[in-house]
Amino acid sequence: MPAPVRKAVIPAAGLGTRFLPFSKAVPKEMLPVVDRPVIQYVIEEAVEAGLDDILIITSRHKKVMEDHFDRHPELEAALEAKGKTAEAEMVKDLSSMAKIHFVRQGEALGLGHAIGMAREHVGDEPFAVLLGDDIMRGPVLQGMVDTYNEHGSSVVALMEVEPENISNYGCAAAAPVDGAANTVKISELVEKPDVEDAPSNLAVMGRYLFTPTIFEEIAATKPGVGGEIQITDAMASLMGREDMLGFTFTEGRYDSGKKIDYLRAVVDMALQREDLAEEFRQILIDTVKREGLV
Ligand code: UTP
């Protein structure tokens, strides 16, 4: 059995240019989906998969993320005084849901560079990476941890996209692994290929599980597409030394750093909430009728 996966790294230091003007002063990872910021969903997913040591890669403009996961004694006391015990507990729980650490990326030099900032904290252990603006519902991360435990290789989440959209993603050429459901072996990785050059329509989707060897490859990676240090390039080099597996899935992923996907996330999460679903469903029905959408 390979070394257990205990740590998760959440890169959240990007500039968020696709979500301007909101993201000018408030991190896109703090966008509310119903009543929780996006990054809280991401941390809950890591904790559910058994990873309770969490390192958030942040930046000088994003201090509010640290406050969200800190204690707030005045608020807790005010809620207690009003008899709002459940709310007080909820606020307290945010600081104890996991061991949450922060490190700053001084300059947004790319996702690969952001993950490289975790080297000292992670040390010589396997670790998961969950993008801080990416909500994932369903057991994808757990499936990746199980796949790692069985094979001992790095694993990346993969989903098929429409062929014309592949140039927005890292793209993988891969073949099924016999007898292992949802598992493929990756033979080639390219960052944002032109549609006509793409080796497949399998896109890399916001969740990674790496052996610590990735840090050596990141350190040797030069800026790639967009002048950024790309994790896809570091992964492609890692494949010269170790196997790289893919864990395939088909639904439940929301890139909330993209406006249209953020809206989809809000609608779907609200419909999953016992306290809101009934009323919200009626609002959707009324809107569809009023707008003549069907
Ligand atoms: P994105 O590419 O979605 O983030 O990176 P971005 O660069 O902030 O977005 P746009 O394209 O300008 O809108 C995925 C995740 O990686 C983090 C982001 O914060 C996001 O959660 N990231 C990206 C970093 O931490 N550092 C970087 O240098 C780049």
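In each ligand, atom 1 is the first atom listed, and ligand 1 is the first ligand listed. One is the number of the first residue; the rest follow in order along the sequence.
Checking Thr213 against Glu242 by side-chain atom types alone, a donor-acceptor pair falls below 3.5 Å. For the residue pair Gln105 and His113, a side-chain donor N or O sits within less than 3.5 Å of a side-chain acceptor on the partner. In this structure, a donor-acceptor pair under 3.5 Å is present between the side chains of Asp268 and Tyr254.
The shortest N/O to N/O separation between Glu228 and ligand 1 does not fall below 3.5 Å. Considering backbone and side-chain atoms alike, Gly16 places an N or O below 3.5 Å from some N or O of ligand 1. Looking at Gly257 next to ligand 1, no N or O pair under 3.5 Å apart turns up. Close N/O approach between Ala114 and ligand 1 is not found [any backbone or side-chain N/O within under 3.5 Å]. Backbone and side-chain nitrogen or oxygen atoms of Pro11 are examined, and one is located within less than 3.5 angstrom of a nitrogen or oxygen of ligand 1. Checked against a 3.5 angstrom limit, the closest N/O atoms of Ala13 and ligand 1 fall inside it. Among the atoms of Gln105, some N or O lies under 3.5 angstrom from an N or O of ligand 1.
With respect to Glu87 and Lys82, no salt bridge is recorded, no charged nitrogen being found less than 4.0 Å from a carboxylate O.
Ring-plane geometry between Phe215 and Phe127 is classed as parallel, the angle between the planes falling under 30 degrees on a 0 to 90 degree scale with a further cut at 60.
For the atom pair CZ (Phe22) and NZ (Lys259), the distance works out to 11.5 Å, reported to the nearest 0.5 Å.
From the protein, the heavy atom lying nearest to atom 24 (C) of ligand 1 is Gly14 N, 3.3 Å. Of the protein's non-hydrogen atoms, the one nearest atom 12 (O) of ligand 1 is Thr17 OG1, 2.5 Å.
Side-chain contact between Thr147 and Leu209 is absent, with no heavy-atom pair separated by less than 4.5 Å. Annotation: side chain of Arg281 is in contact with side chain of Leu271 (closest heavy-atom distance under 4.5 Å).
Distances from atom 4 (O) of ligand 1 to the heavy atoms of Arg18, Lys28, His113 show the closest one on Lys28. The closest heavy-atom contact to atom 15 (C) of ligand 1, among the options Asp255, Ile231, Ile10, Asp133, comes from Asp133. The closest non-hydrogen atom to atom 28 (O) of ligand 1, taken over Gly110, Gly206, Gly112, comes from Gly110. Counting heavy atoms only, Leu111 comes closest to atom 16 (O) of ligand 1 of the residues Leu130, Leu111, Val9.
With a 6.0 Å cutoff to the six-membered ring centre and a 45° limit on the axis angle, Arg273 does not count as a cation-pi contact of Phe280.
Every atom of ligand 1 with a heavy atom of Ala108 under 4.0 Å away is listed here by number and element: 28 (O).
When heavy-atom distances to ligand 1 are checked against a 4.0 Å cut-off, Asp134 has no atom that comes that close, whether in backbone or side chain.
Taking a 4.0 Å cut-off on heavy atoms, Leu131 registers as neighbouring ligand 1.
Closest non-hydrogen pair, Glu188 versus Pro199, comes out as OE1-CB, 3.7 Å.
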